[in-house]
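In this chain, residues are counted from 1 in sequence order. Order of appearance sets the numbers: ligands from 1, and atoms from 1 within every ligand.
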Amino acid sequence: MLAGKKILLGITGGIAAYKTPLLIRELIKAGAEVQVVMSRAAQQFVTPLTLATLSRREVITEMFPDASANASHRWTQHIDLALWADVMFIAPATAHTIAKITHGFADDMLTTLVLALRCPLALAPTMDVDMFLNRTTQMNIDALKGTGCFVIDPDEGELASGLAGPGRLPETDKLLAFIDDILEKVHQDLTGKHVLVTAGPTQEPIDPVRYIGNRSSGKMGFAVAAAASLRGAQATLISGPVALKTPRNVHRIDVRTAREMQAATLARFEKADVVIMTAAVADYAVVNPAHEKIKREQQSGNELTLTLTKNPDILKSLGEKKTHQILVGFALETHNGVAYAQEKLQRKNLDVIVLNNPNEEGAGFNTDTNIVSILTPDGKVEQLPRKSKFDVANMILDRVKMKLTWSV
Ligand code: C5P
């Protein structure tokens, strides 16, 4: 995958920066174009001259063009480069740079580029063991992963400080395989397609402070939207209330109730090429939710009766309306899964249904992995092993892609 690919290599100030000349040499050997961007601290460990020689390009170290010199780059270089790249890889990525990226700082060329990227961002966190295991660093890494950033774990072993543990920059061939794998996952095969995704639970109000909801975390839908966007699609994510960060380059619309989700989805259905409904939509809503908080003291007896009314089945109504759209539903079943899912596929007029069983270890709500089967109208049932939700998302998109029509 590396041949002909454009790689922005960000280098920040850790001792492992001394290994990057080798990485550049191997990337160039594999046929990639490499544009190096260095933080100021990185230049203490390896010189721009070395890296420029190996990458055969001027190394970028400054944000602003030097007006007095005959500078070849323009003020908008950060935008040009961000659009140019197929992937940006930061290695080594220090705790400081990771923190800056997590919080959207743009105080040098490297972090500014990160904000302007449309391509995937990948990091190799590399630092001393205590800095790596520090809770703040770990929280930042988790937050970045949650926005669709790819992270390669550091190797464990002896560190420059004399301490031992995780923190080493992985060997060059491991780094090459990591980048290759990302390029494979995010090749721009959905460019021009609009993918609409629903995610998370819905909340049906009982009164101004209480609601009926469920334990959906939204992770599966967010992974689908992130994967679609990384593959070049225009991704819109209609999400119920969840505690997740919006993946990069995804347009997010927040809703609360099933009816709000239905309105938001219907309004965008016509323009969509693919609709993937991962949301755990509440089946019932409370009739006439109270305008004021329901007080315990004001209720007579020990019981409170709520009258519920069936919510619209959003997916079913889309199945009745669909013209060119590829429609994907999810089914969460605890028994007779395949039979129920097949029945749902027919009844809701779907092109694909993804079945998962929340009782299996490593599947269902709030996990980072999922165990699913993918069913299609031809009766095919593909059982997948346990995979990350991001990988499951890509496998669903692979199936969807085969069904899309492409105008030449
Ligand atoms: O019928 P069931 O709720 O099991 O179907 C699940 C699928 O239907 C999911 O894709 C879910 O997002 C969608 N659904 C919906 N509207 C509902 C209930 C479920 O769109 N009211």
Side-chain angles (χ1 to χ4, degrees), residues 195-205 211-225 228 235-242 244 252-269 272 274-287 308-322 325-359 363-366 370 372-377 381 389 392-393 395-397 399-400 403:
V195 178
L196 187 60
V197 184
T198 65
T202 62
Q203 292 181 353
E204 308 300 335
Y211 58 83
I212 297 176
N214 60 65
R215 294 192 295 114
S216 169
S217 64
K219 284 182 178 175
M220 191 63 237
F222 276 58
V224 171
T236 304
L237 177 61
I238 300 173
S239 178
V242 294
L244 296 176
R252 171 170 171 179
I253 297 154
D254 285 313
V255 296
R256 206 170 149 217
T257 64
R259 289 205 173 267
E260 284 171 20
M261 186 172 274
Q262 182 186 37
T265 311
L266 279 178
R268 287 157 188 88
F269 186 57
V274 181
V275 182
I276 304 183
M277 300 279 297
T278 74
V281 184
D283 285 324
Y284 290 89
V286 177
V287 178
L308 304 181
T309 177
K310 225 179 206 164
N311 268 332
D313 188 329
I314 307 169
L315 188 53
K316 189 158 174 286
S317 65
L318 299 183
E320 286 157 11
K321 268 185 195 307
K322 81 173 178 189
Q325 296 88 346
I326 304 297
L327 212 50
V328 182
F330 269 67
L332 193 76
E333 306 291 348
T334 50
H335 64 289
N336 280 346
V338 171
Y340 281 129
Q342 263 158 346
E343 183 275 326
K344 225 166 262 180
L345 180 88
Q346 301 290 335
R347 182 164 47 83
K348 301 198 187 193
N349 195 19
L350 308 180
D351 299 283
V352 176
I353 194 157
V354 182
L355 167 68
N356 54 50
N357 180 342
N359 295 333
F365 289 154
N366 228 336
N370 215 351
V372 305
S373 302
I374 300 181
L375 288 75
T376 38
V381 181
K389 285 188 172 169
V392 171
M395 299 201 70
I396 297 167
L397 291 172
R399 309 300 179 278
V400 164
K403 291 173 181 285

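Listed by first and then second residue, the side chain to side chain donor-acceptor pair (under 3.5 Å) pairs involving residues 330-344 are E333-K344, E343-R347 (not counting sequence neighbours).
Considering backbone and side-chain N/O atoms, L315 comes within less than 3.5 Å of an N/O atom of ligand 1. The N/O atoms of V328, backbone and side chain alike, include none that comes under 3.5 Å of an N/O atom in ligand 1.
Ligand-side atoms of ligand 1 in range of A279: 11 (C), 12 (O), range being under 4.0 angstrom from any heavy atom. The contact set between ligand 1 and G329, taken as ligand atoms under 4.0 Å from a residue heavy atom, comprises 10 (O).
Counting protein heavy atoms only, atom 16 (N) of ligand 1 is closest to I314 N, 3.0 Å. Annotation: atom 18 (C) of ligand 1 to nearest protein heavy atom, V281 CB, 3.8 Å. Counting protein heavy atoms only, atom 5 (O) of ligand 1 is closest to K348 NZ, 3.0 Å. If you check which protein heavy atom lies closest to atom 10 (O) of ligand 1, you get M277 O, 2.6 Å. Protein heavy atom at the shortest distance from atom 21 (N) of ligand 1 is P312 O, 2.8 Å. If you check which protein heavy atom lies closest to atom 4 (O) of ligand 1, you get K344 NZ, 2.4 Å. Looking only at protein heavy atoms, the nearest one to atom 6 (C) of ligand 1 is F330 O, 2.9 Å.
Every residue was checked against the side chain to side chain contact (heavy atoms under 4.5 Å, CB included) condition with D283, not counting sequence neighbours, and none meets it.
No donor-acceptor distance shorter than 3.5 angstrom exists from the side chain of N370 to the backbone of N356, with no hydrogens or angles considered. In terms of modelled atom types and a separation under 3.5 Å, the side chain of E204 and the main chain of Y284 share no donor-acceptor contact. K322 places a side-chain N or O within 3.5 Å of a backbone atom of N349 that can act as its donor or acceptor partner. Formation of a donor-acceptor pair under 3.5 Å by the T202 side chain with backbone atoms of A282 is found in this model.
Residue contacts with ligand 1: N311 is excluded, as none of its non-hydrogen atoms falls under 4.0 Å.
R252 approaches L244 most closely through the heavy-atom pair NH1-O, 3.0 Å.
The 12-atom threshold is not exceeded at NZ of K321, counting heavy atoms of other residues, nucleotides or ligands nearer than 6.0 Å.
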